[in-house]
Amino acid sequence: EAGVTQSPTHLIKTRGQQATLRCSPISGHTSVYWYQQALGLGLQFLLWYDEGEERNRGNFPPRFSGRQFPNYSSELNVNALELEDSALYLCASRGRTGSTDTQYFGPGTRLTVL
Amino acid sequence: QQQVKQSPQSLIVQKGGISIINCAYENTAFDYFPWYQQFPGKGPALLIAIRPDVSEKKEGRFTISFNKSAKQFSLHIMDSQPGDSATYFCAASYGFQKLVFGTGTRLLVSP
């Protein structure tokens, strides 16, 4: 069974630009979570999508947004990039059967803002 | 209330020794407590998880001990191996909501 996939692996942008990060959940999983792992700040919750709807968002500015598509894949958009947005962005998916609490993480997208 | 406090920040253990990482939480609504292992450049991988109705769970060399009254839980790695050298995160959640992570423990197992 394929795991959570994320693209691109690395992304380099300049301040003020927009970044789009993509996530494909494990087949059959309907929930997608986004987390930011910035150096020295640990893993911080960004967004949760389930069945195409945004269910919760973390304490991040509206520049951070996203969506979930009918095939349950998801996109994270970061507008007006700032230097402190440089981080590893992790996507996790969760299913509705089996271990329904478990969030399975992808390898992440490393975003660097210059 | 949403914080999960993790200690120590870093840990050095000799091969074959026991690694112990501790976490504490405040929010009594939390009902799921996973531990994740993360290697450099990789995403976190689930190691083991526990619910508050169980005081201990063991999977291979990894054991979670859970103390509901003290609102604390810990990870024990028995017979620690150099391959266990990684960063470990405890976390907590409730009702399929977001995971609230501890700050991480960098474990180094010396050969």
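A note on names: the letters A, B, ... follow the listed sequences, proteins ahead of strands, and every chain is numbered from 1. Every heavy atom of this structure was used, including side-chain atoms; hydrogens, water molecules and symmetry mates were not.
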### Summary
Ranked by heavy-atom pairs below 4.5 Å to chain B, first place among A:Gly106, A:Pro107, A:Gly108, A:Gly58 goes to A:Pro107
How about [atom1] on [X], more than 12 heavy atoms from neighbouring residues, nucleotides or ligands closer than 6.0 Å, or not?
X	atom1	value
A:Leu114	CG	yes
A:Asn59	CG	no
A:Arg15	CZ	no
B:Ile12	CD1	no
B:Glu59	CD	yes
A:Glu84	CD	yes
B:Arg106	CZ	no

### Task
Measure across B:Pro44 and A:Leu90 and return the closest heavy-atom pair with its distance rounded to 0.1 Å.
CD-CD1, 3.7 Å
Contact origin within [X] toward chain B - heavy atom pairs under 4.5 Å:
X	result
A:Leu88	side chain
A:Gln6	neither
A:Leu43	both

Select one option (side chain, backbone, both, neither) describing which atoms of [X] are under 4.5 Å from chain A's heavy atoms.
X	result
B:Gln38	side chain
B:Pro34	neither
B:Phe96	both
B:Lys42	backbone

### Query
Mind checking whether B:Phe101 and A:Gln37 have side chains closer than 4.5 Å, heavy atoms only?
no
### Message
Give the interface residues of residues 65-83 of chain B toward chain A, defined by a heavy-atom separation under 4.5 Å.
### Response
none
Are [X] and [Y] connected in the hydrophobic side-chain network, where two residues link if heavy atoms are under 4.5 Å apart?
X	Y	answer
B:Trp35	B:Leu46	no
B:Phe33	B:Phe62	yes
A:Tyr72	A:Leu76	no
B:Tyr25	B:Ile20	no
B:Val13	B:Ile48	yes

### Query
Looking at A:Phe45, A:Phe105, A:Tyr33, which one forms a side-chain contact (heavy atoms from CB on, under 4.5 Å) with B:Leu99?
A:Phe105
### Query
How far apart are the C-alpha atoms of B:Tyr36 and A:Gln103, what are their side-chain angles, what is the distance that settles it, and do they pass the side-chain contact (heavy atoms from CB on, under 4.5 Å) test?
CA-CA 10 Å; B:Tyr36 284 86; A:Gln103 293 184 26; 3.8 Å; yes
